[in-house]
Amino acid sequence: MASNPVIPKTIGTRVKRREDPRLITGQATYVDDLRLPGMLYLSVLRSMYAHAKLGKIDTSKAKALPGVVAVVTGADLKGKVGPVPCPAAMPELKMPEQPVLAIGKVRYVGEPVAAVVATSAYVARDALDLIEVDYDPLEAAVDVEKAAETGAPVLYDEFGDNVAFRAPVANPAVDEAFKKADRVVKLRIEQQRVIPMAMEPRGVVAQWDRGQKSLTVWSSTQIPHLLRSQLAESFKLPEIKVRVIAPEVGGGFGAKLNVYREELLVPYLSMTLGKPVKWTQARREDMAATTHGRGQVEYVELACKNDGTMTAMRCKIYADLGAYLQFFTAGIAGFTSLLMHGCYKIPAIAWETIGVFTNKMSTDAYRGAGRPEAAFMAERMADEVAAELGLDPVAVRRKNFIPKEAFPYATPGGLMFDSGDYEKSLAKALEIVGYDKLRKEQAELRKQGKYIGIGVSTYLEICGLGPSVLLPPKLKAGGWESSTVRMDPGGTVTVLTGASPHGQGQETSFAQIVSDQLGVGLDDVLVLHGDTAIVQAGVGTFGSRGTALGGTALVMALEKVKTKIKSIASHMMESPPDNLELGGGNVFLKGSPDKALPLAKVVEAAFGMKAGIPNLEPGLEATSYYEPNNCLYPFGAHIAVVEVDADTGQVKFRRYVAVDDCGNQINPMLVEGQVHGGIAQGVGQAMFEAAVYDESGQLVSGSLMDYAVPKAAMIPTLELDSTVTPTPVNPLGVKGVGEAGTIGSTPAVVNAVIDALRPLGVKTIDMPLWPEKVWRAIQAAKGGKS
Amino acid sequence: MKVAGTYTIAAPREQVWRFLIDPERLAHCIPGAGKLEKIGENEYAGEINVGLAAVKGLYNGKVKLEDLQPPKHYRIVVDGKGKQGFIKGSGTMDLEEQEGKTLIRYAGDAQIGGPLASVGQRMIDGAAKTMITQFFTAMEAEVTAAPGEVVRQGIFLNLWRYFLKRLRELFGLG
Amino acid sequence: MRKVTITVNGERQASEIEPRLLLVHYLRDVLGLTGTHVGCETSLCGACTVRLNGDAVKSCTVLAVQADGGEVTTIEGLAANGKLHALQDGFWEEHGLQCGYCTPGMIMAASQLLERNPNPSDDEIRHGLEGNLCRCTGYQHIVNAVKHAAKKLSAAR
Amino acid sequence: MIPAPFEYHAPTSLDDALKLLGSLGDGAKLLAGGHSLLPALKLRLQSVDHLIDIGRVASLRYVREQDGKIAIGALSTHRAIESTALVRDKCPLLAECAAQIGDVQVRNRGTIGGSLSHADPAADYPAAILALEAEIDAASAKGKRTIAAADFFVDMLTTALKPGEIVTEVRVPVLAKGTGGTYLKVPQPASGFAVVGVAALVTLDGSGQVSRARIGITGAAVKGYRALDAEKALAGKKPDAAVVKSAAALATKGVETTGDIWASSEYRAHLTQVYAERAITAALTRARG
């Protein structure tokens, strides 16, 4: 395939999105927009306690409220529905059972305790206030390091302690290198918990068809097919009796890449009550009870020579898992450790990951999922090496880059980097920002008492999962994606994709691929997704895989369709198929576009069957599945320039430059959009966002009153550019760009702030860089105790 | 959340102590509290309408006095639950006699949970400070009242008393 | 229950509603105008922004009874005679949206912004949209979209 | 997201509103713009039996000059205050303050009367109202009275308003030549409330000495307050940088600052002093013309 690259036509151009007309006119249908006859409304009562024994739950008053149809508790559901499926499997992983509604104990604030079904959402909400629950509060395990210690309050008595897994990967070469090192730099890094906060909260509608004995579930999910398989298994229904629809989905960022309790609860209630049931999450529920991201404490050490050459790296990662295991909860830290060296040629690495249960919401994938943590580690350490040795941070990076000649590059963690040219993207970013001049300006301004900081991040990530072995073993899907291409009798093209985009724009980029390959207009292509009754099979959209995997499956299916088109045309044009090409709505002889047959005639022949072609199978349709043989490794260079107000600790952006390399770009406008959005979330983590739990496990930043999602004026104007280093892994040469911005930006911002304050002696500040923390770091440094 | 501070009451320690272990008079001074029922040795239960103006809620509360060392020290454990959340806390009161007045040192730690905590964190510290001030002001009025005198409590009256006290202190009249 | 008459997108609507019904629920559940979204419950995200008597308001923080006798414009009523509003066009041209959830509120807020300031700077746009959160775009394309619309509107004047 | 049920009343005159308020008693609550009350109702942090929507009392919606002052009807929105030429020209401090409240949509609906009555410790108005020594009129079935700004903010979420009283008008002075004011704020990045907000108003005499200084502070403590010590430290002085700095250092003297996740009590006090310095400096620049 790699030898047959796609000829670019609309590919590489800024095609306007085909999804937009319905979205800008208010005509799109999100889950909460569904109205079904006889629909009932579900409201969920959630625990106010982080850790408590559940006593009596009195639902009698709620049941008596007019309009209330049913009230259920964990006891009512026991043995009937649940537990929540989890595909995780690691050696010696402790796997707690996650009931649909709490049984016996609650383990985080927001855990579902009871549910009300009523004839209106207002009544359902009123009824919640009438449910009385006896809690016997227990001490909560909140801090991840303390929770790992013996003597900490234990979430699961049956496990004895809170350590879910301990995965040490020792390497004698690392110890050896540290012994020989000229210098060793160390950092403790806190990756605070953040809340994904898709603008559309989660929602589920379920409709049980009594006649057909079939279930239809609309869910705001990134993985409709996976959800169908899990629902079928949970309800012991054949998959043909379960249809899952992900209608318009208002963002996911990894938080909708899961099967949640409500996705079992709502269908169960629809099945038992015989009516459609709808549940829409309120924002505070979303913040408390949709998976969180990050949540790691890392102890990192790096050995280097006096010239800045990095020789070995090791880290110990405490992963704050939260109270239950969701799909990827246990696996995220694995990505962090595998990529801890970033884009640097560090010969030896070692790590230990410790997964710890805490009385908080589960952590799971959030834009980047493990890689932002890794990039942060590598990029912060690169700056620390530079500071330790008095070198320029850029020089240290250049000294240690994996050179472009080294690809494919086998990493010490056992990965195979596909392609890269780290120097190129860095050089471009430096040029745009005017690095040398900026450094001079910085020195000048320092003399005037102004603290300007320049933060460089040359990130690297892994995406496009990928070879199936990298996904959780018990996941009911591999690392593939699928596509069907079907030409319609009138000459239009319907594409079915197993990817399930929710803002990324694949209805457009996939139409571009089809348009270029078949020579049809963009308006003649319809891309369908997100409905298991329409789309053959699929895995979903996450991990920057949509275009790389779904797009490649599409190219493969198109190849098959094209072969058939050419074969039909060859009969009609009396020319061998190899001599034919498609373009401009025609099939034509290579080199002679004037000798053309309208594609419509071929389609007519395939559907009308009147051209007298022997042995022709009617129709023009093909399906392909694509599983890559390797992952993809996008990279780039981000440079943040900030000014710190040393009197208050406030940080202001002066510039932000990003040069990203995601291989070939189908639609540069969509790529830009992904990078912009990614950077905003990365800046959000660096400067504003934190899921703050207090000592007793209360989520005190549990609403938008205190959880600071960046607003427009908080994000700087972004100066973007790109380099193009195609991957040899897939025929499109594309990598993936959904997460790149998030991964690259966080360390750039933090490095910039530390860089600004370096003369004062500040070495590290934990994220988010709230003014008080920055101010305190300055005060401490001034007092000589940084 | 941790709170700590001192408050001086113009009354002898014995008198303050008697007040502090009298649930009925105590309840009279807890902002929003109704009648406290005795449910055990030094343990009382009742309804408290806690909060400030716009954000008020009804809590079912329990108060327990522990580690009683008359007339100088005890520990108070409070546990309240309502629709808007819960409050669970404990604190110590240490009484020191100072020339006929009593210096009260209080220190406590409270957990506030539920909806209150998830949207109201910015107000909690201020609310606690406000309510503590209200409590002590009310208490002072109660403690220093003549026997048999019924003290009218209420937020405005107590705040007024508080300001008068501050004024007196300011001008060295306290 | 209370009777209200509200003109929504130019059509008079008479309904009998509970006083506690929020304007956003009235629009979505009573009138079926689901283009206006609910994104938070603390009056901060702006996804529910509509125009009420000309003002951009968060329809989650207005009771429907407060709008009695008033005029409401929602995203569904923005395009005139089947022609997209300059802002709708701008958001489409400049890729000012991804998942689309914040978009109706963002566009409605931007429509007020451009009425008050027909030629805003980047900074004025960013501050003028402080009541609307977007989690996808990083706002840059939104700023471009508003500028695009401003240009188009001033050319039409 | 869904308020508990209540009875709804929509009087169209102040008299009717006062009658309702008088007759319905404790279970009744006034609804003006609703941007303090409705969020609390939606979160069920508060519930009411009766909601008296005074939004239709048109007589409380005005901004006009009268007797050398600017009179603002209680139902004037923040937007009206920020955008009315009269306020912008003659009392820019207040316009600046109004312009920094919440966001555009909030300012379109929220009212000065509602905000003041709610007395949120981190609301913006208290700083400006205190610095301007505004007068606040309150009406009840029994009559009308005027409350001085200094007496209005009693405690956290608590004002000097008595049960049955409605704020009807706020009066601020027309600022004379030689007087400069500004409102500077550190917005909490999520909610937009003031972590700290400082309103500084200074008047310089012919010799360039401070003849009068008023500093209102919000966000820092349980209620808005005047930084009297800082004001005193400026009065009668030639305000060079050192004088301003030492005056600003007194901005939290005797005040117990509050703490939350965004700013501890200690940091808030520090921030108040830094912003007081900046606000005073900016006000002086304006006073000098």
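Proteins get letters first, then strands, A, B, ... in listed order; numbering begins at 1 in each.
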S.K.: Please classify the contact between D:Ser36 and chain B as side chain, backbone, both or neither, with a heavy-atom cut-off of under 4.5 Å.
M.R.: neither
S.K.: Where do B:Gln84 and D:Leu45 come nearest, in terms of heavy atoms and distance?
M.R.: NE2-O, 3.0 Å
S.K.: Can you list everything that forms a side-chain hydrogen bond (donor to acceptor under 3.5 Å, both in side chains) with B:Asp94? Sequence neighbours excluded, please.
M.R.: B:His73
S.K.: Kindly indicate, with the supporting measurements, whether the criterion side-chain contact (heavy atoms from CB on, under 4.5 Å) is fulfilled by B:Arg122 and D:Trp262.
M.R.: CA-CA 8 Å; B:Arg122 74 187 173 95; D:Trp262 294 96; 6.0 Å; no
S.K.: Report the C-alpha distance between B:Met123 and D:Asp120 in whole Å, list the side-chain angles of each, state the deciding distance to 0.1 Å, and finish with yes or no for side-chain contact (heavy atoms from CB on, under 4.5 Å).
M.R.: CA-CA 9 Å; B:Met123 298 255 197; D:Asp120 192 296; 3.2 Å; yes
S.K.: State the CG-OG1 distance between D:Leu157 and B:Thr130, to the nearest 0.5 angstrom.
M.R.: 8.0 Å
S.K.: Start with the C-alpha distance between B:Asp125 and D:Asp260, add both sets of side-chain angles, then the distance that settles side-chain contact (heavy atoms from CB on, under 4.5 Å), and finish with yes or no.
M.R.: CA-CA 7 Å; B:Asp125 184 37; D:Asp260 74 345; 5.9 Å; no
S.K.: Identify the two heavy atoms, one from D:Met156 and one from B:Gly126, that lie closest to each other, and give their separation to 0.1 Å.
M.R.: SD-C, 3.3 Å
S.K.: Can you tell me if CZ on D:Arg145 sees more than 12 non-hydrogen neighbours from other groups inside 6.0 Å?
M.R.: yes
S.K.: Other residues, nucleotides and ligands only: do more than 12 of their heavy atoms fall within 6.0 Å of CD on B:Glu43?
M.R.: yes
S.K.: Just jot down the side chain to side chain contact (heavy atoms under 4.5 Å, CB included) partners of D:Thr168, sequence neighbours excluded, or say none.
M.R.: D:Leu14, D:Leu60, D:Asp137, D:Ala139
S.K.: Are there more than 12 heavy atoms of other residues, nucleotides or ligands under 6.0 Å from atom CD of B:Glu24?
M.R.: no
S.K.: Just by distance, do the side chain of B:Lys129 and the backbone of D:Thr257 share a donor-acceptor pair under 3.5 Å?
M.R.: yes
S.K.: For atom NZ of B:Lys38, is the number of surrounding heavy atoms from other residues, nucleotides or ligands below 6.0 Å larger than 12?
M.R.: yes
S.K.: Please round to the nearest 0.5 Å and tell me the distance separating atom CG of D:Leu43 and atom CG of B:Leu116.
M.R.: 10.5 Å
